Amino acid sequence: MHRTIFFITVVSLTFYSTLSMAQHEEEAEQAQQVAKEWLPLVDKEQYSESWDVASPLFQQSVTQDQWAQAAKQVRDPLGALQSRDVKKAEYTTSLPKAPEGEYVVVEYASAFSNLEDAVETVVMTKTEEDDWATVGYFIRPAAQ
């Protein structure tokens, strides 16, 4: 009798674990799509518009003007975007120095006219409206 209960428990846990992984993959795909729509705003120097559609947490962290100035300062020296390919998109419920929530970290292998090998990271968060929105954006040379 105990073996039957244990087997059912193991099967149930495996099922829910598989279901959860599939759900997280779907969440990561949805967040990745929103990041893909957000990045061209930054590429086209539409910084105010990119701030407008970012998450409330992003907007609370930096004013629209501060974001525009910081983004311009970082992006202008890089030159025009040459290519951008998704390296990975990972779902998580916690990030350093961030409140608990649902996040997807999308990492891109990117190339710009003045930096051929870069890593762009867009951090997405699930909003109260159950939508995905940008909460962070970072660029670094790939060698780092």
Side-chain angles (χ1 to χ4, degrees), residues 5-144:
I5 292 172
F6 178 72
F7 176 73
I8 291 170
T9 303
V10 170
V11 170
S12 296
L13 290 174
T14 303
F15 173 75
Y16 286 118
S17 176
T18 303
L19 182 63
S20 180
M21 285 190 327
Q23 183 179 14
H24 293 325
E25 287 176 16
E26 185 178 319
E27 295 283 358
E29 288 176 19
Q30 291 171 358
Q32 185 179 325
Q33 181 59 41
V34 175
K36 183 179 177 180
E37 295 166 4
W38 183 82
L39 281 166
L41 296 173
V42 177
D43 296 337
K44 296 175 188 170
E45 299 181 19
Q46 296 175 334
Y47 303 127
S48 295
E49 293 85 346
S50 68
W51 185 91
D52 287 341
V53 296
S55 72
L57 185 57
F58 183 96
Q59 294 170 345
Q60 293 165 6
S61 300
V62 62
T63 68
Q64 191 175 48
D65 288 341
Q66 289 170 331
W67 163 243
Q69 289 174 1
K72 185 171 180 55
Q73 185 178 11
V74 169
R75 286 296 300 265
D76 279 2
L78 300 178
L81 176 71
Q82 304 297 307
S83 66
R84 175 183 287 134
D85 298 305
V86 174
K87 288 174 56 174
K88 62 183 174 179
E90 293 182 346
Y91 176 92
T92 186
T93 56
S94 64
L95 291 172
K97 300 180 184 180
E100 291 294 315
E102 292 184 81
Y103 300 95
V104 173
V105 179
V106 186
E107 199 170 279
Y108 298 89
S110 302
F112 298 88
S113 57
N114 297 328
L115 179 61
E116 292 180 8
D117 196 10
V119 176
E120 280 182 292
T121 304
V122 181
V123 182
M124 307 299 292
T125 189
K126 184 76 81 88
T127 67
E128 289 182 12
E129 293 79 24
D130 208 32
D131 295 322
W132 288 100
T134 304
V135 71
Y137 176 66
F138 312 94
I139 302 174
R140 64 177 172 79
Q144 290 185 344

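Note that these values count all heavy atoms, side chains included, but never hydrogens, waters or copies made by symmetry. Only a predicted model underlies this, so the values are computations on that prediction, with no experimental measurement involved.
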Closest heavy-atom contact between [X] and [Y]?
| X | Y | result |
| --- | --- | --- |
| Gln73 | Pro77 | O-CD, 3.1 Å |
| Ser94 | Tyr103 | N-CD1, 4.3 Å |
| Ala133 | Ala54 | CB-C, 4.0 Å |
| Ala89 | Ala28 | O-CB, 4.1 Å |
| Val62 | Trp51 | O-NE1, 2.9 Å |
| Tyr108 | Ala35 | OH-CB, 3.6 Å |

[atom2] on [Y] to [atom1] on [X], rounded to 0.5 Å:
| X | Y | atom1 | atom2 | result |
| --- | --- | --- | --- | --- |
| Ser50 | Lys44 | OG | NZ | 12.0 Å |
| Glu102 | Thr93 | CD | OG1 | 8.5 Å |
| Asp76 | Asn114 | CG | CG | 10.5 Å |
| Ser48 | Asp65 | OG | CG | 7.0 Å |
| Leu78 | Asp43 | CG | CG | 10.5 Å |
| Gln30 | Lys126 | CD | NZ | 6.5 Å |

Can you confirm whether Met124 sits close enough to Trp38 that some side-chain heavy atom of one is under 4.5 Å from a side-chain heavy atom of the other? no
Just so I know, are the side chains of Pro56 and Thr127 near enough to count as touching, which here means a heavy-atom distance under 4.5 Å? yes
Exercise: do [X] and [Y] side chains pair donor with acceptor under 3.5 Å:
| X | Y | value |
| --- | --- | --- |
| Gln32 | Trp132 | no |
| Glu120 | Tyr137 | yes |
| Glu29 | Gln33 | no |

Looking at Gln82 and Ala80, would you say the former's side chain and the latter's main chain have a donor-acceptor pair under 3.5 Å? yes
Give a yes or no answer on whether the side chain of Thr121 reaches the backbone of Glu107 with a donor-acceptor pair at less than 3.5 Å. no
Full working for side chain to side chain donor-acceptor pair (under 3.5 Å) between Asp52 and Gln59: CA-CA 8 Å; Asp52 287 341; Gln59 294 170 345; 5.3 Å; no
Mutual orientation of the aromatic rings belonging to Trp67 and Phe58 [parallel < 30°, tilted 30-60°, perpendicular > 60°]: perpendicular
Side chain to side chain contact (heavy atoms under 4.5 Å, CB included) evaluation trace for Arg75 with Glu45: CA-CA 9 Å; Arg75 286 296 300 265; Glu45 299 181 19; over 6 Å; no
Quick one: do Val123 and Leu95 satisfy side chain to side chain contact (heavy atoms under 4.5 Å, CB included)? Show the steps, please. CA-CA 10 Å; Val123 182; Leu95 291 172; 3.6 Å; yes
Using the side chain to side chain contact (heavy atoms under 4.5 Å, CB included) rule, take Gln64 and Tyr47 through it: C-alpha gap first, then chi angles, then the decisive distance, then the call. CA-CA 8 Å; Gln64 191 175 48; Tyr47 303 127; over 6 Å; no
From CA spacing to verdict: side chain to side chain contact (heavy atoms under 4.5 Å, CB included), Val119, Ile139: CA-CA 6 Å; Val119 176; Ile139 302 174; over 6 Å; no
